[in-house]
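Chain A is the first sequence line, chain B the second, and so forth, proteins listed ahead of strands; every chain is numbered from 1. Note that this is a predicted model, so its numbers are computed, not measured.
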Amino acid sequence: MARADDLTLDVRGLETRFLTPKGPISAIRDVSIQVRPGEIVGLVGESGSGKSVTGLSIMGLIDAPGEVVDGEVLLNGEDLRQISARRRRQLRGDRIAMVFQDPMMTLNPVLRIRTQMVEAIRAHDPKVGAKEALRRCRDALAQVGIPAPEERLDAYPHQFSGGMRQRVAIATAMLNGPDLIIADEPTTALDVTIQAQILAEVQTLCRERGTALIWITHDLSVVAGLAERLYVMYGGGIVEEGPVDPVLDHPLHPYTDGLIRSVPWHNEPGRPLNQIPGMIPALDRMPRGCRFHPRCDRADEACRQPVALREGPDNRRVRCLYPLGKV
Amino acid sequence: MTSFLLRRTGQTVVALLVMSVLVFVGIFMVGNPIDILIDPAATPLERQQTIEAFGLDRPVWEQYWGFLTGAISGDLGNSFIYNQPALDLILARLPATLELAFTALAIALVFGIPLGIVAGLKPRAPLSRAIMSFSILGFSLPTFWIGLIMIMAFSVFLGWLPASGRGETVDVLGIPISLFTLDGILHLLLPALNLALFKISLVIRLTRAGVMECMQMDYVRFARAKGISEGRIVGLHVLKNTLIPLITVMGIEFGSLIAFAVVTETIFAWPGMGKLIIDAIAVLDRPLILAYLLITVVMFSVINLVVDLLYSVVDPRVRLEDQGE
């Protein structure tokens, strides 16, 4: 793997805990993610696998009763967990931005789009004049395919469709030309046609500007066409990582394999759909050792002990004692 | 907008009509004002003359018709007791009551909103718990008792503030106002604070609930992800959303503020219309009661109108044309 100072984002051993009435519970544990400048990385997993918590932990946006308790989050070599709250606020929205899942909720319903976009510029550079700020907002809206951006700046969020709102959110995230954008399932709530448009626009924008992107999703078909590298999460940890095509074509981890087989396109019509037996365990009832072993047909006694990430071929890594291919 | 205002005016007129019929018939059924008004020693002839003078010998619908035709030309009849136009009597007392109510409202908002924000941002902090305890007290202790205690403490023992009356007033556009003289403000302070206490508690709770709810919203998270300062997030993003329920409730509550003023006015001998109406009801002074209630209905309509206008200013999703059905 590349050295830390060549990376836009280098997350190492991240652990986030939530205080619950039953005691502290780790929502994610030992999560390490590396993103090179301009790289598009997919973060895939089922609901509850810890994808969103990972994104929020990187941003430092975990609210009480949650807390990031361990690990490093190096953004351009600067550890976001060590710097002051003030410095963190300076970096957020400027060098690292985030887009959320539900476009109906991410924009403030009582503020005009212009207010919500201009403040993102002014928060980082108060010296920018009103005209200049508005011009940048207008350009940003035009770039994500919003017609008549000049007039739309004066509109309120409820005057936009879901897809348009998500475009506004993406345009806002892009305003200051960040080095990295974390996108937490931004197209999940949208129609497939809108999703395809937005994916294409985001891909183009990131390429043009050299912005790195972490695309969090549960939809393998989305990352297959978008991402260069892939991280697969299960039960709060990374179980497999590597370049997209090898991982999807020849998964090493039984969970990745199950996830791919669950996509209906692999199925002949009329035959029962594939599924992974069992359910993702609740966070307070995570099994010891490999967290997937109760649902895995390859597991044995050894899987009850902690399993480390192992290096595989083609820059791949897998957290499994009995991977599917050759390691 | 014009159609909205027209519809509102129409609704107000209907409310005024319905209310006047109800009150008219109601008072007619409660008792005969003559029995209370007239000296028991009066001769039957004098008694008959008084009844005829007030028009009380005619059937109720005829009396109502007489009232209605008078009302349309702006004459709500003379008070039985004072023998002066009822409307003038009420209007002479109205400024004092409104001044008291508005000051109480201002106090409630000025103290309630910041305290509510503090309590909503850190619900578990000791300060927040203290604020909430205060609001429980404000809710549960009866207004009249607090008023008496305040008089005891600030007027009797400490001697800082006057306990009764309106103090020195200044005429603004012909209306006497206490707010512009030091003496007037000193007189206003205790009764306004007394009246505001319950509302402060209400504003604290509403603001706290709104802030707690809004802070969980995705748009706050998104604002943080943009790098917006906490001050701006709370002061703009959260507060503007919190104002929406606050305006609705405070609009309704402002009406009750005027109604509650009766108690406070009585305790602090505040020369508002509360005292006037209580006396009028006791002697079945029908024109005075009617005039008071008609004015109250108009005031409520105006307050509701203002609330709706404010609402549309704060919440862009509200369009006035869609309301009022």
Next on the checklist: Counting heavy-atom pairs closer than 4.5 Å to chain B, which one of A:Arg92, A:Gln116, A:Met104, A:Arg86 comes out on top?
Outcome noted: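 Going by pairs under 4.5 Å, I would pick A:Arg92.
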Next on the checklist: Between B:Met273 and B:Tyr292, is the side chain to side chain contact (heavy atoms under 4.5 Å, CB included) condition met? List the steps.
Outcome noted: CA-CA 8 Å; B:Met273 51 185 197; B:Tyr292 171 81; 3.8 Å; yes
Counting only non-hydrogen atoms closer than 4.5 Å, does [X] touch chain B with its backbone (N, CA, C, O), its side chain (CB onward), both, or neither?
X        : value
A:Ile96  : backbone
A:Gln101 : neither
A:Ala169 : both
A:Met98  : both
A:Thr172 : side chain

Checklist entry - Would you say the side-chain atoms of A:Thr217 and A:Lys51 include a donor-acceptor pair closer than 3.5 Å? => result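 Short answer, no.
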Item to check | Distance-only donor-acceptor check, side chains A:Thr8 and A:Asp179, under 3.5 Å | outcome: no
Next on the checklist: Using side-chain heavy atoms (C-beta onward) and a distance below 4.5 Å, is B:Ile303 in contact with B:Ile252?
Outcome noted: no
Checklist entry - Under a 4.5 Å cut-off applied to non-hydrogen side-chain atoms, are B:Met19 and B:Leu294 in contact? => result yes
Hey, is [X] close enough to [Y] for a salt bridge, meaning N to O under 4.0 Å?
X        : Y        : value
B:Asp315 : B:Lys240 : no
A:Arg17  : A:Glu15  : yes
A:Arg122 : A:Glu119 : no

Next on the checklist: I need the residue from B:Lys226, B:Arg224, B:Met217, B:Met215 with the largest number of non-hydrogen atom pairs under 4.5 Å to chain A.
Outcome noted: B:Lys226
Next on the checklist: As an exercise: rank B:Val314, B:Asn241, B:Ile244 by heavy-atom pairs under 4.5 Å with chain A and give me the winner.
Outcome noted: B:Asn241
Next on the checklist: I need the contact set between residues 157-168 of chain A and chain B: heavy-atom distance under 4.5 Å, sorted by residue number.
Outcome noted: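 Within residues 157-168 of chain A, the residues under 4.5 Å from chain B are A:His158.
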Checklist entry - Non-hydrogen atoms of chain A under 4.5 Å away: do they reach the side chain of B:Val220, the backbone, both or neither? => result neither
Item to check | chain A contact via B:Leu243 - which portion, at a heavy-atom distance below 4.5 Å | outcome: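 Neither part.
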Checklist entry - Can you check side chain to side chain contact (heavy atoms under 4.5 Å, CB included) on A:Arg112 and A:Leu153, steps first, answer last? => result CA-CA 7 Å; A:Arg112 288 180 201 279; A:Leu153 271 176; over 6 Å; no
Item to check | Donor-acceptor under 3.5 Å (B:Arg208 side chain, B:Ile113 main chain) | outcome: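 Checked: no pair found.
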Checklist entry - Do other residues, nucleotides or ligands put more than 12 heavy atoms under 6.0 Å from B:Phe111 CZ? => result no
